[in-house]
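Working notes, beginning with the structure itself.
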Amino acid sequence: MTADPVRVRFAPSPTGMLHVGGARTALFNWLFARHCGGTFILRIEDTDRARYDARALDDISASLRWLGLQWDEGYEIGGPCGPYVQSERTAIYLQHAQQLLDSGHAYKCYCTPDRLAAAREQQQRDGSAPGYDRACRDLSPDARAAHNAAGAPFVIRFRMPLTGATTFVDAIRGAISYPNAQQDDFVLLKSDGFPTYHLANIVDDHLMRISHVLRGDEWIPSTPKHVQLYAAFGWQPPVFAHLPVILAPGGGKLSKRHGAAAVCEYRALGYLPDALVNFLALLGWAVAADNEIVPRAQMLKEFTLEGINKTGAQFDHEKLNWMNGAYIRQLPLAEFMREVTPFLTNAGVLKGAEDPAQVAQVLQMEQARVHLLSDAPAACAFFFADTLEYDRQAVKKVLQREGVRDHLLAVCDLLAGVPPGQFDAAHLEARLQEYLTRSGRPLKNVVHPLRVAVTGRSASPGIFETLVAIGQARVVQRLTHAAGQLCSAP
RNA sequence: GGCCCGUUCGUCUAGUGGCUAGGACACAUGGUUCUCAUCCAUGAAGCAGGAGUUCAAUUCUCCUACGGGCUGCCA
């Protein structure tokens, strides 16, 4: 059993965009497969025709690829156990349902949805345990024949043992046991001919030789059903490992109300895939390290099922943002530029005519200052803007003061007089120092007004580098403008 | 209602039958001869509660509380 090759799968339903919870499940499967030298499979569970969404399919594939969780077998790429889309495997499920019918492990149920709904309502009123009342479990052969002759629609239900208990060992939680009397005669095949999750999942996991099932812990209560199904088929069940849930900040379900929930939204906000993967990996799993920025190679090396937590983990955006910033700072400049440029272009900050050297200069300074790529437009706009937007607070506090105008004009002359070949940080600093010595002013008193005048804000990268990146002509123009405004101001 | 799972700083977590219960985010303070950011240092902050087992429990058992899941011809 331990000699069997490790084969795991991520098996999403295409009913919506891939959420971070699903991504984390995919990630753990991927990590486990890669750690063991096993196979990672992507299977599409699209048996719910009512909730099917074709766009979700594209999103799942694109999001997984963006995260770098490439699968070895499955959807879009095929493999020896295909097809990997359940709606293309209906004949297989039908055949297996028939097999259980023949062996007496299943039976046809002719109850109408209306009757079941009414029964459920009644049970709720009574306060009795909800569940199928097994009306069709022991139908006489005559009654069955009559239903069949009438062409009555039916579903196929599993004949659950009525006594005893079903026990299985979860790799993360240990032994878990359910009384069988608690279990329903659940549906295997719906009246539209499609299988339910339970049937399709077990048949596929077996046929695809899945060795370990890592899935969300909302599946724990279904696992005894699955164990009974394996037994009915006479198959060896895989190892089960139920992953803790990801909770919203403050607890509760993660949804759009708490910010982004879908992977594609994180992408659009300017998170790096490596950062999101690192963050998600640490939700429910920990590495032995005092540093939480863990390269993927190290995660692969150290990932084990035993290291996975039992407790649900809250999604902390603050920590993700910090981590994303850390990953951005780690990037070589060229790569950072490649990643961030689309954000600057889309926001209209870069129009394509900028000097590449100037852009590089600006981005080098801003790389340590942004947490998300989408922070970059607001952070960089003043370097490239034709007309500056001034922060009113900063203007009031820093510029509208006694003597500031004269200093601004003096510095403007000073900067205008710098030979173009010497408009660099070292020369600018030296020139300004000279001026300070002459005027007997502390550096602060000149730097702050200068910053507000040329950037419009009270915070920016180092002033000399900033002046250089803005460019001599623009600096002079902005200083002239600012001084002019102060002249006309009261 | 029934069944099942869970509970270490605000958050993510490490950890052991005996330790000053460790790290990270966030927070606070200080430093990095211009702001902001980065970076560095320091600080505050935790074993849900109650019984038991034991020389000794955060660690083992039980109960309670709280949180979560399932209870569909959804997955």
Side-chain angles (χ1 to χ4, degrees), chain A residues 11-15 45-48 50-51 109 111-113 116-117 120 123-124 126-132 153-157 170 172-173 176-179 181-184 186-192 194-198 200-201 215-224 242 244-245 247 249-253 279 282-293 307 309-323 325-326 329 365-371 379 394 398 429 432 442-448 450-452 455 457-464 466:
Chain A
S13 271
T15 55
E45 307 214 328
D46 59 345
T47 55
D48 185 344
R51 292 202 301 155
C109 165
C111 296
T112 64
L116 295 175
R120 198 168 302 125
Q123 286 162 339
Q124 252 169 9
D126 298 350
S128 57
Y132 178 53
F154 63 88
V155 301
I156 296 178
R157 287 183 183 271
D170 184 281
I172 296 169
R173 288 153 217 271
I176 298 175
S177 188
Y178 280 83
Q182 192 70 30
Q183 299 291 330
D184 238 6
F186 58 95
V187 173
L188 296 169
L189 203 74
K190 310 178 210 175
S191 56
D192 65 0
F194 277 86
T196 59
Y197 171 87
H198 304 298
N201 191 264
R215 65 199 342 178
D217 67 4
E218 71 271 22
W219 292 106
I220 291 176
S222 297
T223 307
H242 290 97
V245 282
L247 302 164
K253 259 205 172 84
F279 176 75
L282 262 27
L283 244 35
W285 178 70
V287 240
D290 50 344
N291 186 358
E292 302 207 352
I293 307 289
N309 280 353
K310 301 174 175 72
T311 331
Q314 293 186 31
F315 195 101
D316 181 359
H317 286 94
E318 298 267 18
K319 185 162 181 175
L320 207 212
N321 289 350
W322 160 76
M323 195 170 268
R329 275 172 253 127
M365 290 189 284
E366 294 296 342
Q367 186 172 4
R369 311 163 64 81
V370 296
H371 286 93
V398 180
E429 182 161 10
L432 199 73
L443 184 67
K444 288 179 174 192
N445 286 13
V446 179
V447 164
H448 291 335
L450 182 56
R451 168 173 287 116
V452 175
T455 71
R457 325 182 311 183
S458 54
S460 81
I463 187 65
F464 304 110
T466 297

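Letters A, B, ... are given to chains in the order of the sequence lines, protein chains preceding strands, and every chain is numbered from 1.
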Closest approach to the side chain of [X], judged atom by atom: which nucleotide of [options] is it?
X: P130(A); options: rC39(B), rG72(B), rA75(B); value: rG72(B)
X: K319(A); options: rG68(B), rC25(B), rG72(B); value: rC25(B)
X: D316(A); options: rG68(B), rU11(B), rC73(B); value: rU11(B)
X: L443(A); options: rA24(B), rC34(B), rU13(B); value: rC34(B)

*asked:* Under a 3.5 Å distance rule, please check whether D217(A) uses its side chain to pair with a backbone N or O of H242(A) as donor and acceptor.
replied: no

_Is it the case that the side chain of T47(A) and the backbone of T196(A) share a donor-acceptor pair, with hydrogens and angles ignored and the cut-off at 3.5 Å?_
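Not at all, since once roles are kept as given, no pair shorter than 3.5 Å links the two residues.
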
Name the nucleic acid region contacted by [X], choosing base, sugar-phosphate or nothing; use a 4.0 angstrom heavy-atom cut-off, strictly under.
X: T15(A); value: nothing
X: N309(A); value: sugar-phosphate
X: S460(A); value: base
X: A459(A); value: base
X: S191(A); value: base

Does [X] make a side-chain donor-acceptor contact with the base of [N], cut-off 3.5 Å?
X: T196(A); N: rC73(B); result: no
X: R51(A); N: rC74(B); result: yes
X: R157(A); N: rC73(B); result: no
X: E292(A); N: rG23(B); result: yes

*Does rG2(B) pair with anything, Watson-Crick or G-U wobble, both distances under 3.5 Å, and if so, with which nucleotide?*
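Looking at the geometry, rG2(B) pairs with rC70(B).
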
*Taking all atoms of both residues into account, what is the closest heavy-atom pair of S460(A) and T455(A), and its distance?*
CB-CG2, 4.1 Å

*Going by the angle between their ring planes, with limits at 30° and 60°, are Y197(A) and W219(A) parallel, tilted or perpendicular?*
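Parallel.
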
